[in-house]
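What follows is a single structure, written as structure tokens, with notes after it.
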Amino acid sequence: DEDLYSGGRMLRLLQGDVGSGKTVVALLAMMPMIEAGYQAALMVPTEILGKQHLTSIRELTKGLGINSAMLTGKMSTTERRTIMQALANGEIHIIVGTHALFQEQVSFSQLGLVVIDEQHRFGVNQRLALTSKGVKPHVLLMTATPIPRSLTMTAYGDMECSLLTQKPAGRPRIDTRAVPLDRLDEVVDGLKRAIAQGAKIYWICPLVEEPDELTKKDFEGDLAATEERYRVFRQVFGERVAMAHGKMKSAEREEALEGFAGNAYDILVATTVVEVGVNVPDATIIVIEHAERFGLAQLHQLRGRVGRSDKPSSCLLLYAARCSEAAKQRLKVIRESDDGFFIAEK
């Protein structure tokens, strides 16, 4: 509030742990801007995250006469043109969008606040392209990956930093356990019982999305293992199993994610494409296969896909018995703490 009413320009980084309620904070920053006659833009890295934000914003602003909409590159030309016209006329108060927001032809009536979610997923030029669409609009960057203080000062020395360290009330701690991979059959049997009681489950496979981080052989092996896990689970659990990974066509991946968020699927076999910005409050179990191959931040982010409601949630870390000492330490840290700031320091 002090930033917005100071007469100067806000430039602030909001670091909030997984599921801490950053969207609500962003909305609280937007409200006085809209009241003063300005527009707010929320830029997100993926369409599915954008849809989730738009649903939350509409739910929270119901009956307030606030018009919110979404702009993505996948819309039809007619849809896009209609929204761009309404933006330029000032009829839209809050626009949620992907990279499509900073295209040259997108113009605003009076852009007063730019919020960039998962800001590390955007380059400096992309941020500038959006902020230049207003006359020095306020800027709020948000990240769910807390950054150690020393790095924050180095990378974001020109910004004020806010920490959102608490989670919404009533969220139970996620029960986190490490289980050796040779007990896989027991885990699958446990999932059958959980599904019979109405559970929704993420099963994460260790596929790095960028092939240059692995040898091509490793990458293809991981992809085959993910698809094999999906095939096996379809045989074990039937048709209510979906799959999502970075090499699928985006429409197929969106269908799988939306079906899992709805009532079409009980299990989602996925890679780290679900690491950030997938919000399915009904999901209460996440199993991370070969957890020893993931970094601390990734493990914490993935675990944050569950525990998003008042239902008890659990996270199973399946690890290879012959993993390194460093990997064992990482699993120990994740088991013992659910504090993203502590984990970031580690």
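All of these numbers come straight from a predicted model, not from anything done at the bench.
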Query - Heavy atoms of other groups near Tyr265 OH, more than 12 under 6.0 Å - result: yes

Query raised in the report: Are Ile334 and Ile286 connected in the hydrophobic side-chain network, where two residues link if heavy atoms are under 4.5 Å apart?
Result: yes

**Report entry** Test salt bridge (charged side-chain N to carboxylate O under 4.0 Å, His left out) applied to Asp175 and Arg177, step by step
**Finding:** CA-CA 7 Å; Asp175 180 25; Arg177 299 178 191 199; 2.9 Å; yes

Query - Donor-acceptor contact below 3.5 Å, side chain Thr46 vs main chain Leu49 - result: yes

Query raised in the report: Can you tell me if CZ on Arg9 sees more than 12 non-hydrogen neighbours from other groups inside 6.0 Å?
Result: yes

Report summary line: When every non-hydrogen atom of Met10 is compared with those of His138, the smallest separation belongs to N-ND1, 2.8 Å

**Report entry** Under-4.0 Å salt bridge between Glu292 and Arg330
**Finding:** no

Report task. Mind listing the closest non-hydrogen atom pair of Asp338 and His300 along with its distance? Result -> O-CE1, 3.5 Å

Query raised in the report: Is there a path of hydrophobic side-chain contacts, each under 4.5 Å between heavy atoms of I, L, V, M, F, W or Y residues, that connects Val269 with Ile285?
Result: yes

Report task. List in chain and number order the residues that pass salt bridge (charged side-chain N to carboxylate O under 4.0 Å, His left out) with Lys346, two or more places apart in sequence or in another chain; answer none if no residue qualifies. Result -> none

Query - Heavy-atom side-chain proximity of Ile195 to Arg240 below 4.5 angstrom - result: no

Query raised in the report: Does the Gln15 side chain pair with the main chain of Leu163, one donor and one acceptor, at a distance under 3.5 Å?
Result: no

**Report entry** Expected output: side-chain Gln39 to main-chain Ile94 donor-acceptor under 3.5 Å
**Finding:** no

Report summary line: In this structure, CG of Leu257 is separated from NZ of Lys51 (nearest 0.5 Å) by 10.0 Å

Query raised in the report: Can any side-chain N or O of Asn67 pair as donor or acceptor with the backbone N or O of Glu91 at less than 3.5 Å?
Result: yes

Requested in this report: Locate the shortest heavy-atom distance separating Ser337 from Asp339; write the atom from each residue and the value.
Outcome: OG-N, 3.1 Å

Requested in this report: May I ask you to decide if Thr272's main-chain N or O and Gln298's side chain share a donor-acceptor pair within less than 3.5 Å?
Outcome: no

Query - Exceeds 12 heavy-atom contacts within 6.0 angstrom, atom CD of Gln85 - result: no

Query raised in the report: Do Val115 and Met70 belong together in a cluster built from hydrophobic side chains that touch within less than 4.5 Å?
Result: yes

**Report entry** Minimal non-hydrogen separation, Pro45 against His99, with atom names
**Finding:** O-CE1, 4.0 Å

Query raised in the report: Are any non-hydrogen side-chain atoms of Leu331 and Leu299 less than 4.5 angstrom apart?
Result: yes

**Report entry** Side-chain touch Asp266/Phe260, heavy atoms, less than 4.5 angstrom
**Finding:** no

Report task. Decide side chain to side chain contact (heavy atoms under 4.5 Å, CB included) for Phe233 and Val188; before the verdict, give the C-alpha distance in whole Å, the side-chain angles of both, and the deciding distance to 0.1 Å. Result -> CA-CA 9 Å; Phe233 277 8; Val188 172; 4.1 Å; yes

Report task. Using a cut-off of 6.0 Å, state whether more than 12 heavy atoms not belonging to Glu35 lie near its atom CD. Result -> no

**Report entry** Donor-acceptor contact present, side-chain His245 to main-chain Lys247, <3.5 Å
**Finding:** yes

Query - Exceeds 12 heavy-atom contacts within 6.0 angstrom, atom NZ of Lys74 - result: yes

Query - Pairwise distance CG(Leu14) to CD(Glu160) - rounded to 0.5 angstrom - result: 13.0 Å

Report summary line: Minimal heavy-atom distance between Pro137 and Leu111, with the atoms involved, is CB-O, 3.7 Å

**Report entry** Step-by-step side chain to side chain contact (heavy atoms under 4.5 Å, CB included) determination, Tyr202 to Val280
**Finding:** CA-CA 10 Å; Tyr202 291 99; Val280 182; 3.5 Å; yes

**Report entry** Test item: Val333 and Phe342 side chains (from C-beta on) under 4.5 Å apart, heavy atoms
**Finding:** yes

Requested in this report: Nearest 0.5 Å please: distance from the CG atom of Leu87 over to the OG1 atom of Thr82.
Outcome: 11.5 Å

Query raised in the report: Does the side chain of Val287 reach to within under 4.5 Å of the side chain of Leu191, using non-hydrogen atoms?
Result: yes

Report summary line: Value for CD (Gln52) from CD (Glu258), rounded to nearest 0.5 Å, stands at 9.0 Å

Query raised in the report: Transitively linked via ILVMFWY side-chain contacts under 4.5 Å: Leu164 with Val44?
Result: yes

Query raised in the report: Does Gln103 reach the side chain of Val106, with side-chain heavy atoms less than 4.5 Å apart?
Result: yes

Report summary line: Paired with Leu318, the side chain to side chain contact (heavy atoms under 4.5 Å, CB included) test is passed by just one of Asp182, Ile288, Val187, namely Val187

Query raised in the report: Going through the checks in order, is the salt bridge (charged side-chain N to carboxylate O under 4.0 Å, His left out) test met by Arg308 and Asp282?
Result: CA-CA 8 Å; Arg308 302 178 85 88; Asp282 287 341; over 6 Å; no

Query raised in the report: More than 12 heavy atoms of other residues, nucleotides or ligands under 6.0 Å from CG of Asn89: is that the case?
Result: yes

Requested in this report: Take Thr55 and Glu59 through the test side chain to side chain contact (heavy atoms under 4.5 Å, CB included) and record every step on the way to the result.
Outcome: CA-CA 6 Å; Thr55 303; Glu59 190 61 37; 5.6 Å; no

Query - Side-chain donor or acceptor of Thr176 paired with backbone N/O of Ile174 under 3.5 Å - result: yes

Query raised in the report: What pairs meet the side chain to side chain donor-acceptor pair (under 3.5 Å) rule with one or both residues in residues 312-324, with sequence neighbours excluded?
Result: none

Query raised in the report: Got a second to check how far His290's NE2 is from Leu317's CG, nearest 0.5 Å?
Result: 13.5 Å

Query raised in the report: Run the side chain to side chain contact (heavy atoms under 4.5 Å, CB included) check on Leu42 and His53 step by step: do they pass?
Result: CA-CA 9 Å; Leu42 171 56; His53 275 319; 3.8 Å; yes

**Report entry** Least distance between heavy atoms, Leu113 atom then Met33 atom
**Finding:** CB-CG, 3.9 Å

Query raised in the report: Any salt bridge between Glu239 and Arg234, counting N to O under 4.0 Å?
Result: no

Query - Backbone of Cys205 reached by a side-chain donor or acceptor of Arg229 within 3.5 Å - result: no

**Report entry** Gap separating the CG atom of Leu27 from the NZ atom of Lys22, nearest 0.5 angstrom
**Finding:** 14.5 Å

Report task. Pick out which of Leu101, Thr98, Val96, Ile83 makes a side chain to side chain contact (heavy atoms under 4.5 Å, CB included) with Thr72. Result -> Thr98

Query raised in the report: In terms of hydrophobic clusters joined by side-chain contacts under 4.5 Å, are Val274 and Met248 together?
Result: no

Query - Check: Gly262 main-chain N/O paired with Lys200 side-chain donor or acceptor under 3.5 Å - result: yes

Query raised in the report: Looking only at atom types and distance, does a side-chain atom of Arg303 sit under 3.5 Å from a main-chain N or O of Cys315, one as donor and one as acceptor?
Result: no

Query raised in the report: Quick one: are Arg183 and Asp185 in side-chain contact, heavy atoms under 4.5 Å?
Result: no

